[in-house]
Every structure is written in structure tokens, then in C-alpha cells.
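Taking it in order: structure first as C-alpha cells, then the write-up.
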Amino acid sequence: MKKNIIAMNASIMIGLGSILAAPSVYAESISDLEKQKESIQEKRSGVESNISDTEKKIDSLQDKQMTAEDQIAAIEAKIAESAKKIDAKNAEITQTKKEIEALKEEIKVLKERIAKRNEVLKERALSFQETGGDVNYLEVLFGSSSFGDLVDRVGAVATIAEADRDILKQHELDKKDLEEKQKAVETKLASLEVAKAELLEIQKQQKQQKQEKDALVKKLKQQTEKHEHEKMGLEEEKANLAAQEKAIKSAISLEHQRLAELEAARKKAAAEAKKRAEQEAAQAAAQAASQATETKKQSTSSGYSAKSNSSSSSSPASSNVSQAPAVSSGTFTRPSAGYVSSTMGERWNKQHAGIDIAASGTVPVVAAADGVVSRSYFSSTYGNVVFVTHSISGQQWTTVYAHLSSRQVGEGAVVAKGQQVGIMGNTGHSFGQHLHFELHKGPWNYSKSNAVNPLNYVNI
């Protein structure tokens, strides 16, 4: 009888010991969660710093872009001014060419006049040759009939000689004037052509400068767009980290609540065990005292009663276990039915950070493990997406369920492994109905550096 009582007390102490040991386990879990929360806060601070740096880069690029655009506007004004000057030179060149045409007509008339003078001079020269030149003048003078006639003849000779000298002089002047006009017009035309060529070269350089500035502005715009896209990704990462921090806080709160409930259960179990031990000790003492005076029949009856009590106390308690559909063994269960249509790796010159599971019809999507929903929203790329944060053996994990047709859980919700979180769909940047599933060892970030291949962790 004593052995039975000792064994019973030992069983009670073992059960009580396991209950007493549980709070330390949960304390370690809370400590791990606190560390994860601190890690997320540090990463969030780093992301905020990166966002600030990216904003400064964007501001700097926009300032450079504005400066370049101002320079382009100044160059365009210079190009317009050069175009006006070129138009003016073209007008001058056109006018000068008209002057050249008019001068050609003058030259033509002048050449005709010179040709006529040449004929006159030729006739005079021929006459001088035939008559002997100066002898004719003497004959004219000596052939005068009177002194008055002589005076008249001397005047006539002088007039003819003067006329000849004037013809020759005018002939020389006309030839010189012709040469000067031709030279002046040719010089002016050449000067205009040179000025026009210089203006065209200046305009060419200005257009080249404009092309360079246009290329610079284009490059600055591309860099700005790149940093703005990066900023959007960082802001999304910041939002995810904030949501994960909230989820971790919720998990810590749940752990504290569970610990409080466990502590209350421990105290209640300890009190019941103590009471039961006292009752059994009193009963054992009474039985031991009665054994000395009672008969063998009473002793046998007492033993039968003890066996009956022992048998009654060891009857197992029934357990009520709810079953979740298609839940597999292991740390993670498959998130949906279907076949793997795309694996993790390089795709379309980009990193595909997860796997795609495709199926037709209405396909439920379930949580791959116990966790807290850190985000549930619509993304331009992910479409309807749910992020779940898990804490498994002190390690933080994040699962992503994207392109859902609908979401059935909200942020902060506590989900169990195999619990439905949505329906497979084709929202966001998607081609055909499928589930895009990501598994991250740690928090999700924009670069997805924590992503691991789900096929190495989930039996699909």
C-alpha cells in the first residue's frame, strides 16, 4: 500500500514539475521574440536611413536636371539667335547676288561703251597711220586761207586732240571702275559666305551642346526614376518591417497571455495536487492503523478498494483534435493544391524570389505554418497579397502569398498551420491563375536577400 501511495505522489510531482518547467520555456520564447523585435527595429531604422539617402539623391538629380534644362533653354535661345543671324546673312547674300546681277548689266553696258571707244580709237589710229599723224595737223594749219581761218583750224585741232585724250582717260577710268566694282562685290560675297559658314559652325556646335544636354537630362531622368522606384521599394520594406514588428509585438502579447494562463493553471494544479496528497496521506494513515486490528478479510477488502481507486485514476482522458485539410508533416505545409509552374531563380532577367503553384477553379490558399498576419493589402505587383510572420525555434520566418483573388485574413490576425488565408487568383503583375509563394528566413526586404527556395522546406 505504501508503494502505491509513493508511486502516486511521484507521478503527481513529475506532472507538477513539467508544469513548473513550462514558464522557463515560454520565457525563452519571449526573449527570442524580443530579440527579433529589436532586430526588426534596427533594420527599420536602417531602411529609414536608406530612404533619407535616396531622397537626397533624388533631390540632387532633380537639381541637376533643372540646371541642365535651364542650360538647354539658354542654348535653344542661342540657336534661335544664330538662326536669325543666318537668315540675315542669307538675305544679305541674296541682295549681294542681286547687286552682282545688276553690276553684270552695268559691266555689259560699260564693255559695249569701251568697245565703241576702241573702234573710234582704232579709226583714229588708222587715220593717223594713213596720213602720217602730225603731218595732217600741219596741212590743216598751213592750208588756212586767212588768219581767222588759221585760228579756227588751230582750235579744231586742239579740240580733237583733247577729245582723244578724254576718250583715253575715260577709257582707263571705266576699266579701273569695272575692276574695282568686280573686286568689291566679290570681296563682299566672299565675306558674307565666310560669315555664314561661321554662323553655321556656331549653330552646329550649339545643336551638339543641346544634344549632349538632352542626353544628360534623359540620363538624369532615368536615374531619378530608378531611385524613385528604389524609394518605393524601401518604403514598402519599411511598411512590411513595421507590420512585422507589430506582429512580433502581438506574438509577445500572446506569449505573455499564454504564460499567465499557464501560471494560473500551474498554481491551480499545485493546490489540487497538495490537497489530493494530503487527502491520500490521511487515508493511508487511517488504512495503516486499521490494518493492525482488522481481520484478513477486511485487509483483502481494503486492497481491492485501492486497486479500484488506482484503476479509476489512471483512465486516460479523451482528446478533441480538429483536423485541417491537406496539412502535411514538417515545419511547413504546402500552401495550396496544384503543380509547380515556375521555380525560384533567374526569370526574364530578374530574380524570381519564390515558386509559382498553378491550378484551375476555386483553390484555397492556406498558411504554411502558425504565425501572425503582418500585412494584408493590394500591391501593384503582388496583387492581393498576405504576409505572415512566424517564430519557429527562435528563428523568424516570413511567408508571402501573392496574386490572390481574395484575402480572408487581416493584419494582426493569428493564423494556424493549414488555416485558409485566401483564394488563388490572377491579380497584380500576373499571367494566368496561380499562387506566387515566397519563404524568407528572417524579415521580408525589398532586395529579397532573405529569400530561400521553398522546395527545400516544403514537400510539394
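All residue numbers in this chain count up from 1 along the given sequence. As a basis for the values below, the full set of heavy atoms in this structure was taken, side chains included, without hydrogen atoms, waters or symmetry mates.
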Problem set entry | Beyond-backbone contact of I423 with V365, side-chain heavy atoms, under 4.5 angstrom | no
Exercise. Taking all atoms of both residues into account, what is the closest heavy-atom pair of L455 and T343, and its distance?
Worked result: CD1-CG2, 4.2 Å
For this session: Nearest 0.5 Å please: distance from the OG atom of S341 over to the CZ atom of F431.
Result: 13.0 Å
For this session: Start with the C-alpha distance between W444 and E438, add both sets of side-chain angles, then the distance that settles side-chain contact (heavy atoms from CB on, under 4.5 Å), and finish with yes or no.
Result: CA-CA 9 Å; W444 181 95; E438 294 179 9; 3.6 Å; yes
Problem set entry | Side chain proximity check, H434 to I357, heavy atoms < 4.5 angstrom | no
Exercise. Are the aromatic ring centres of H429 and H403 under 6.0 angstrom apart?
Worked result: no
For this session: Taking T427 for its side chain and L404 for its backbone only, find out whether a donor-acceptor pair lies under 3.5 Å.
Result: yes
Exercise. Does a sphere of radius 6.0 Å around CG in N456 hold more than 12 heavy atoms from other residues, nucleotides or ligands, not counting ones at 6.0 Å or beyond?
Worked result: yes
Exercise. Are any of the side-chain heavy atoms of T398 and V388 separated by less than 4.5 Å?
Worked result: no
Exercise. At their closest point, which heavy atom of A359 faces which heavy atom of A337, and how far apart are they?
Worked result: CB-O, 3.9 Å
Problem set entry | Residues K231, E55: salt bridge by 4.0 Å N-O rule | yes
Problem set entry | N450 (side chain) donor-acceptor with H440 (main chain) under 3.5 angstrom | no
For this session: Let me see the working for T331 and Y457 under side-chain contact (heavy atoms from CB on, under 4.5 Å), right down to the final yes or no.
Result: CA-CA 8 Å; T331 306; Y457 296 85; over 6 Å; no
For this session: Could you tell me whether the side chains of N445 and S449 share a donor-acceptor contact shorter than 3.5 Å?
Result: yes
Exercise. What is the minimum heavy-atom distance between N384 and S405, and which atoms define it?
Worked result: ND2-O, 3.4 Å
Seminar exercise, completed: dist Q209:CD -> K204:NZ (nearest 0.5 Å) comes out at 13.0 Å
Problem set entry | S191 side chain to T187 backbone, donor-acceptor under 3.5 Å | no
Exercise. Between CD of Q408 and CD of Q419, what distance do you get to the nearest 0.5 Å?
Worked result: 9.5 Å
For this session: May I ask you to decide whether K218 forms a salt bridge with D214, counting only side-chain N to carboxylate O separations under 4.0 Å?
Result: no
For this session: Report yes if some heavy atom in the side chain of I392 is under 4.5 Å from a heavy atom in the side chain of D370; otherwise report no.
Result: no
Exercise. Do the ring planes of F332 and W397 sit parallel (below 30°), tilted (30 to 60°) or perpendicular (above 60°)?
Worked result: perpendicular
Exercise. Does atom NZ of K78 have more than 12 heavy-atom neighbours from other groups under 6.0 Å away?
Worked result: no
Problem set entry | Main-chain N/O of A195 paired with E198 side-chain donor or acceptor, under 3.5 Å | no
For this session: Apply side-chain contact (heavy atoms from CB on, under 4.5 Å) to the pair R375 and V386, showing each step before the final yes or no.
Result: CA-CA 6 Å; R375 293 208 75 186; V386 172; over 6 Å; no
Exercise. Side chains of S328 and R334: is there a donor and an acceptor less than 3.5 Å apart?
Worked result: no
Exercise. If we only count heavy atoms from C-beta on, is the H352 to S342 side-chain gap below 4.5 Å?
Worked result: yes
For this session: Say whether S82 and Q206, considering side chains only, have a donor N or O and an acceptor N or O under 3.5 Å apart.
Result: yes
Exercise. Where do A368 and Y401 come nearest, in terms of heavy atoms and distance?
Worked result: N-OH, 2.9 Å
Problem set entry | Basic-acidic side-chain contact under 4.0 Å: K85, E81 | yes
Problem set entry | Any side-chain heavy-atom pair of Y377 and V385 under 4.5 Å | yes
Problem set entry | Test item: T67 side-chain N/O and D63 main-chain N/O as donor-acceptor pair under 3.5 Å | yes
For this session: Return yes if a side-chain donor-acceptor contact under 3.5 Å exists between H390 and T399, otherwise no.
Result: yes
Problem set entry | F378 to R407 - nearest heavy-atom pair and separation | N-NH2, 4.1 Å
Exercise. How many angstroms lie between NZ in K183 and CD in E186, if you round to the nearest 0.5 Å?
Worked result: 10.0 Å
For this session: Measure across D356 and R347 and return the closest heavy-atom pair with its distance rounded to 0.1 Å.
Result: OD2-NH1, 3.0 Å
Problem set entry | Beyond-backbone contact of V217 with K221, side-chain heavy atoms, under 4.5 angstrom | yes
Exercise. Can you check side-chain contact (heavy atoms from CB on, under 4.5 Å) on T96 and L192, steps first, answer last?
Worked result: CA-CA 9 Å; T96 302; L192 289 171; 3.1 Å; yes
Seminar exercise, completed: Value for CD (E235) from CD (E230), rounded to nearest 0.5 Å, stands at 11.0 Å
Problem set entry | Validation row: S391, Q396 side chains within 4.5 angstrom (heavy atoms) | no
Problem set entry | M424 side, atom CE; S406 side, atom OG - distance, nearest 0.5 Å | 12.0 Å
Problem set entry | Side-chain donor/acceptor of T54 to backbone N/O of N50, under 3.5 Å | yes
Exercise. Quick one: does T224's side chain have a donor or acceptor within less than 3.5 Å of a partner on L220's backbone?
Worked result: yes
